[in-house]
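Fair warning: this is a prediction, and the values are worked out from it, not measured in the lab. Every number for a ligand or one of its atoms is a count from 1 in the order of the listing.
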Amino acid sequence: MSRIIIFSGAGISAESGIDTFRDSGGIWEKHKIEDVCTMSTWIKNYDMVHDFYDKRRIDLKNYNPNFAHTAVEELSKKYDVINITTNVDDLLERGGSSPLHIHGDIRKIRCMCCNKETDIGYRSKDQAVQENLIKHEDSCTDQSILKPAVIFFGEEAPEYEALWNIIRSLTKEDVVIVVGASLQVVPIDYYIAAYDCLKININPNLEVGTPYDEWIDIKDSASSGFKTILETLEEMIKNHV
Ligand code: APR
């Protein structure tokens, strides 16, 4: 049976109303990366950084999963699905699946002394502190610096190890579905170019791939693209293997 490796970016949550990063009007048009998402500057901008993530975390409860998020769970009923996302929202979880968040999870806060992470749900950092929810290791000696558990530019991303192990294990029987990702930060299309798995991209504005391999480009929204996948994946697999 084929494994389905789904790699999702901000575009999978666009139809739920959550801004993407690089589309016009996106998050990086409204906020400078160096102000709110960079390891070398975030301490200097401590309050601005927490304000930026608090607003997005509190607001997250007002958005709902769309058909694409639930389609990931639907596919896992029939296939061995490996679900990887660079998104920090929880819409895949609320759509029924449990993704590997390789850029972290906006619901979590990390103590920068003991590295323990706490899921504070849709609260602000200060509300979680007031409610005494932040957990620390017994050895923790300085509980003053808390960081959103989102991977900043210039920060090590420990889950990339798991991503590379999955890539190294790809075979011709596997299917990689990239959905709603610009691949500007994690160029999956180049990472898997040497593997002859079936490669499918769902994106209304971007074709991916390299000169060395071929992709099935579904130039559509995440929801419509997954409707196509649910209807035709068996056919695509049969034509590929
Ligand atoms: N359905 C599918 N794809 C869509 C939709 C939609 N409805 N709307 C937009 N897209 C596509 C865009 O064409 C674009 O290619 O989603 C992609 C979003 O790209 P980005 O905004 O760059 O988001 P993403 O690829 O997730 O960014 C990756 O960059 O800033 C870092 O850590 C941040 O995880 C983020 C990473």
* Structure fact -> If you scan protein heavy atoms around atom 32 (O) of ligand 1, the nearest is His103 ND1, 3.2 Å

* May I ask you to test the Trp28-Cys37 pair for a side-chain heavy-atom distance under 4.5 Å? => yes

* **Within reach of ligand 1, part of Ser182 (heavy-atom separation under 4.0 Å)** => both

* Structure fact -> Logged contact type for Phe152 with ligand 1, heavy-atom cut-off 4.0 Å, is neither

* Heavy-atom distance under 4.5 Å between the side chains of Tyr53 and Ile109, does that happen here? -> no

* To do: Run the numbers for me: atoms of ligand 1, each under 4.0 Å from some heavy atom of Pro204, listed by number.
  => 1 (N), 2 (C), 3 (N), 4 (C), 5 (C)

* Which protein non-hydrogen atom lies closest to atom 35 (C) of ligand 1, naming both residue and atom, and how far is it? -> Phe21 CE1, 3.6 Å

* Numbering as shown, the atoms of ligand 1 that approach Thr86 to under 4.0 Å (heavy-atom distance) -> 26 (O), 34 (O)

* **Sub-4.0 Å atoms of ligand 1 with respect to non-hydrogen atoms of Phe153** => 30 (O), 31 (C)

* Structure fact -> closest protein heavy atom to atom 15 (O) of ligand 1 is Asn203 ND2, 2.9 Å

* To do: Determine whether Phe7 and Asp189 make a side-chain contact, defined as any pair of heavy atoms from C-beta on separated by less than 4.5 Å.
  => no

* To do: Using only heavy-atom distances, determine whether the side chains of Asp142 and Ser144 contain a donor-acceptor pair under 3.5 Å.
  => yes

* Asked: What is the closest protein heavy atom to atom 1 (N) of ligand 1, and at what distance does it sit?
  -> Ala222 N, 2.9 Å

* Given Ser223, Ala157, Ala10, Ser221, which one has a non-hydrogen atom that is nearest to atom 24 (P) of ligand 1? -> Ala10

* **Residues Ser124 and His50: side-chain donor-acceptor under 3.5 angstrom** => no

* Structure fact -> Min over Gln184, Arg22, Lys219 of heavy-atom distance to atom 31 (C) of ligand 1 lands on Arg22

* Who's closest to atom 30 (O) of ligand 1 heavy-atom-wise, of Phe7, Trp28, Phe226? -> Trp28

* Asked: Applying a 4.0 Å heavy-atom criterion (strictly less than), which segment of Val185 is in contact with ligand 1: side chain, backbone, both, or neither?
  -> side chain

* **Glu34-Thr41 side chain donor-acceptor pair, cut-off 3.5 Å** => no

* To do: Take Ser13 and His69 through the test side-chain hydrogen bond (donor to acceptor under 3.5 Å, both in side chains) and record every step on the way to the result.
  => CA-CA 8 Å; Ser13 299; His69 297 106; 3.1 Å; yes

* Structure fact -> So the atoms of ligand 1 within less than 4.0 Å of a heavy atom of Gly9 turn out to be 26 (O)

* Would you mind telling me which of Glu131, Gln130, Lys125 makes a side-chain hydrogen bond (donor to acceptor under 3.5 Å, both in side chains) with Gln127? => Glu131

* Can you tell me which residue and heavy atom of the protein come closest to atom 10 (N) of ligand 1, and the distance to 0.1 Å? -> Gly11 CA, 3.7 Å

* Structure fact -> Among non-hydrogen protein atoms, atom 8 (N) of ligand 1 lies closest to Ala14 CB, 3.7 Å

* Asked: At what distance is the nearest protein heavy atom to atom 9 (C) of ligand 1, and which residue and atom is it?
  -> Asp23 OD2, 3.3 Å

* Heavy-atom contacts with Thr20 under 4.0 Å: which atoms of ligand 1 show up? List them by number with element. => 21 (O)

* Asked: Hey, are Lys55 and Asp59 close enough for a salt bridge, meaning a charged N less than 4.0 Å from a carboxylate O?
  -> no

* **Lys/Arg cation over aromatic Tyr46: Lys147, 6.0 Å, 45° cone** => no

* Is Phe152 close to Thr38 at the side-chain level, that is, under 4.5 Å between some pair of heavy atoms? -> no

* Around atom 17 (C) of ligand 1, find the nearest protein heavy atom and jot down its residue, atom name and distance. => Gly180 O, 3.4 Å

* So do the side chains of Ile106 and Asn87 get within less than 4.5 Å of each other, counting heavy atoms only? -> no

